[in-house]
2 protein chains.
Amino acid sequence: MVIPAPAVAGSGGSAPGSVGDVRRSNLALVLGRIAEFPRGAHPSRAQLAAATGLTKASVSSLVLDLLDAGIIREIGFNPQGRGRPGVGLELNPGRAVMGMEINVDYISAAVVDLAGKVLVREVQERDNRNSVDGPVLAALAVLAARVRGAAGGHGVEVLGGGLAVPGLVDPAAARVLTAPNLGWAGVDLDLGALLPEAPLGVALFNEANAAALAELRHRPDGASDFLFVSGEVGVGGGLVIGSELFTGPGGHAGEVGHIVVDPDGARCSCGGTGCLETVAGQDAIFEAAGIGPVEHSRSAAMAKLLQALDARQPGALAAVERAGRCLGIALASTARVVNIASVVLGGHFAVLEPWLRSPLLESLQKYAPGRYAAGQVSVSAVGESGALLGAAGSVIRSLVEAPHKLLA
Amino acid sequence: MVIPAPAVAGSGGSAPGSVGDVRRSNLALVLGRIAEFPRGAHPSRAQLAAATGLTKASVSSLVLDLLDAGIIREIGFNPQGRGRPGVGLELNPGRAVMGMEINVDYISAAVVDLAGKVLVREVQERDNRNSVDGPVLAALAVLAARVRGAAGGHGVEVLGGGLAVPGLVDPAAARVLTAPNLGWAGVDLDLGALLPEAPLGVALFNEANAAALAELRHRPDGASDFLFVSGEVGVGGGLVIGSELFTGPGGHAGEVGHIVVDPDGARCSCGGTGCLETVAGQDAIFEAAGIGPVEHSRSAAMAKLLQALDARQPGALAAVERAGRCLGIALASTARVVNIASVVLGGHFAVLEPWLRSPLLESLQKYAPGRYAAGQVSVSAVGESGALLGAAGSVIRSLVEAPHKLLA
DNA sequence: CCCATATAGTTCAGGCAATAAACTAAAGCT
DNA sequence: AGCTTTAGTTTATTGCCTGAACTATATGGG
């Protein structure tokens, strides 16, 4: 017998099987064009028809469904010179999603409307090192409820949420496989409790991946292919290819922190040897620079490092320079494996960029000449809140790609 | 104004815009199920309906179109125990495609029917080092015409072809960007001349990528995610993810030969430093093993190396062991970047596998513990003709994925 | 002020493709 | 022979898109 399979997987809406799928696909197509319209400008039905190739009649009908579902709304007029002015359409700012983050030193939550505007945001310091998941999630649930309440005051409805965690995750199972810096391993999260009654639920993300998605949305150059390198205690990465997160067959691609940059190097927490993280991770740099644990506070240590760099202390300079060189080696190899030519530096790599940049570029030139143009090594445009914004943005995006889930 | 775009890109048939696209998609769905059926067994319309989730009526109609186009045919009966027996369906073996290859020491061509059976095959020795493309293509055109004639004698029609070349290619432009071992750079190929009158034309492939696709088709374990490492003069690679070739944004992903495995290593032909190829490429191994150029023949040099290994010559053993260790480093990094956990060794790595295996596994254990199970390092199932078969198979596959191109 | 022109958006008939259910076809079993 | 079971076809229905006609609403010239 044949292995039975559903006609049309709801998986990605990519394989139409019946006529109804055409509708789903076109709803997403139209909504996608509305969503990607530049801020401030609002497309009319006629413009959407031209942009999508659908007829005006089809677009009108599709738009009607989206209006009924409250996903978009009409806003103002759109004079085209002569003739009847079009009616502008935009994502409904009365609907929103929540981004949440658990990190080593804090938890945070923010409400972002469908247009991408941050309405409320709160960061709460909390030491989550070697923590147990239950209490952390409970604290986050309280924070989320408060932030949600504040958003409700704005008259905004929260449809769903995304949670970013610094570790390897299995999004489908809502499971954190390993988050060494939290001390978590194999932890199943009760995400539903974070945002009860939100129709779209809560999705789970790796922190670097979420930050990469935030970069995708906020890059001034509009790049659609790049590697986001997240420098935290560990070194993570998010690989964006064709405006999509590339996660690989197992779901954990882009782990540049564990590329081998020194075959004779130190043992890594991952069990490997000579990984980039052993040279360019925060703790590794602090140690090489001779900066001891500053009252367990990494931000204090980072301040001290910056001071040392400003004072041109040889040890600190050498540590950062070595990190830059090794980052270059890792990026050279990455360029070959996934053929990417653009890098965005995040986390402490963004902070240290003035000192990292030149050894990094030299290293790229030495190990992968011609692969990265100089302008293709840039600094994060979203900064610290990247993971938070990315988690929220990703939920918005999944809504834009599957609007039928919200139709009556 | 809005950037105009076609309603439904013909690009991948993945985004339906109108009802007609549903038909295209379902034609491909049904044909795909027929094509992936195990050899010898032929699905009936009813089985296809069950497998695809479409109704029997729809499948009947779709099958009729495919029969009319000559893409499939009915073959024999398919008793299901009780009840009316089904009519078996298979890809029409009266239609075929041609695989072609240009390599350093030879050119070759083969006709493969849609069912994947090699009908005619011819390899012609030819020294293509530092060659000019024109004469090589002319010789290949003659060879292709002869092979095609022989296939015609079998009563088989050739629909299209694929050409594999050892170098970086731009398939869309039919352009070889660089093929160092042929001495080609920036060469535009007149592929149409190779197979005049073939309705599907001729597609261009990188050799390692084509071989990877052949592996995908012929793997006994049916793996859908692996890295194929092609050991030739250079070290190439083909990355198969989700049963698709992953080419990256620029189209040249999987170049494992230029992963940095020794930051203090030798200069590479690519301009980089310490690339895998400088340690594990054929010439690099020969040189390290103390085997001089044997009358310019690499097969002779390889024979000599195998002799030396059998005789346990320390120099030869050390050279191969180092290649294995460094290959392990490269694969460890690849595992992190694209999260792949399975490797297929091709080219000289397949030949040297008995000596490579243990240093390779040790190296993987050292640099990426837990990433590759021991059984996940295997040897090519298709051997030397991989690129040839892969190029042909890839054309078959593109036909299976877009059968509407052959409908009346 | 009015009418020509231009553009936006809606209405309506037509066509295509899938579905569901009834129907015909062809086997095995008793 | 007749019942049961499975394969495949026929027919009526539904959903969605298309194209063309139609309505709505603006600008601008006489």
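The structure presented is a predicted model; accordingly, all values stated were derived computationally and were not measured. Chain naming here is simple, since letters A, B, ... match the order of the sequence lines and numbering starts at 1 in each.
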Taken to the nearest whole Å, CG/A:L48 to P/C:dA8 is 11 Å
note: A:L407, atom CG; D:dC16, atom P; distance rounded to Å ~ 10 Å
In terms of heavy-atom contacts, A:A253 and A:G248 come closest through CB-N, 3.7 Å
A:L29 atom CG is separated from D:dC16 atom P, nearest whole Å, by 16 Å
**Message:** Taking any heavy-atom pair under 4.0 Å as a contact, classify A:S44: base, sugar-phosphate, or nothing.
**Reply:** sugar-phosphate
Against the side chain of B:A57, the closest entry in D:dT9, D:dT10, C:dA8 is D:dT10
Quick note, B:P85 side chain, CB onward, closest among C:dG9, C:dA20, C:dA26 is C:dA26
Separation of D:dA24 atom C1' from A:F77 atom CZ, nearest Å, is 11 Å
In whole angstroms, the gap separating C1' of D:dC16 from CZ of B:R23 amounts to 16 Å
Of the candidates D:dC17, C:dA17, C:dG28, the side chain of B:R82 sits closest to C:dG28
Among C:dA8, D:dA7, D:dC16, the one nearest any side-chain atom of B:A46 is D:dA7
From CG of A:D21 across to C1' of D:dC17 the rounded distance in Å is 14 Å
Atom CD of B:Q47 and atom P of D:dT5 are separated, to the nearest Å, by 19 Å
Only residue of A:L31, A:V30, A:L48, A:L66 satisfying side-chain contact (heavy atoms from CB on, under 4.5 Å) with A:L89 is A:L48
| query | Can you find a side chain N or O atom of A:T55 that sits less than 4.0 Å from OP1 or OP2 on D:dC17? | reply | no
Regarding the side chain of B:L54, the nearest nucleotide among D:dC17, C:dT19, D:dT27 is C:dT19
Note: B:L114 and B:L91 closest approach over all heavy atoms is O-CD1, 3.1 Å
Between B:V156 and B:R95 the two heavy atoms that sit nearest each other are CG1-C, 4.4 Å
query = Between B:S44 and B:R84, does any side-chain donor sit less than 3.5 Å from a side-chain acceptor?
reply = no
Against the side chain of A:R45, the closest entry in D:dT27, C:dT10, C:dA17 is C:dT10
Assign each of A:G83 and A:K56 the nucleotide of DNA chain D bearing its closest heavy atom; nearer the 5' end lies the nucleotide of A:K56
Item checked: Donor/acceptor link under 3.5 angstrom from B:R84 side chain onto base of C:dA26 -> no
- Give a yes/no answer on whether the side chain of B:S60 brings an N or O atom under 4.0 Å of OP1 or OP2 in D:dT9. yes
Separation of C:dC16 atom P from B:D65 atom CG, nearest Å, is 13 Å
- Message: When you measure from the side-chain N and O atoms of B:N26 to the phosphate of C:dA18, is any distance below 4.0 Å, counting only OP1 and OP2?
- Response: yes
Ranking B:G86 and A:S58 by the position along DNA chain D of their nearest nucleotide, the one closer to 5' is B:G86
In short, B:R45 meets B:V59 closest at the heavy-atom pair O-CG1, 3.5 Å
Quick note, A:V87 side chain, CB onward, closest among C:dG9, D:dG8, C:dT10 is C:dG9
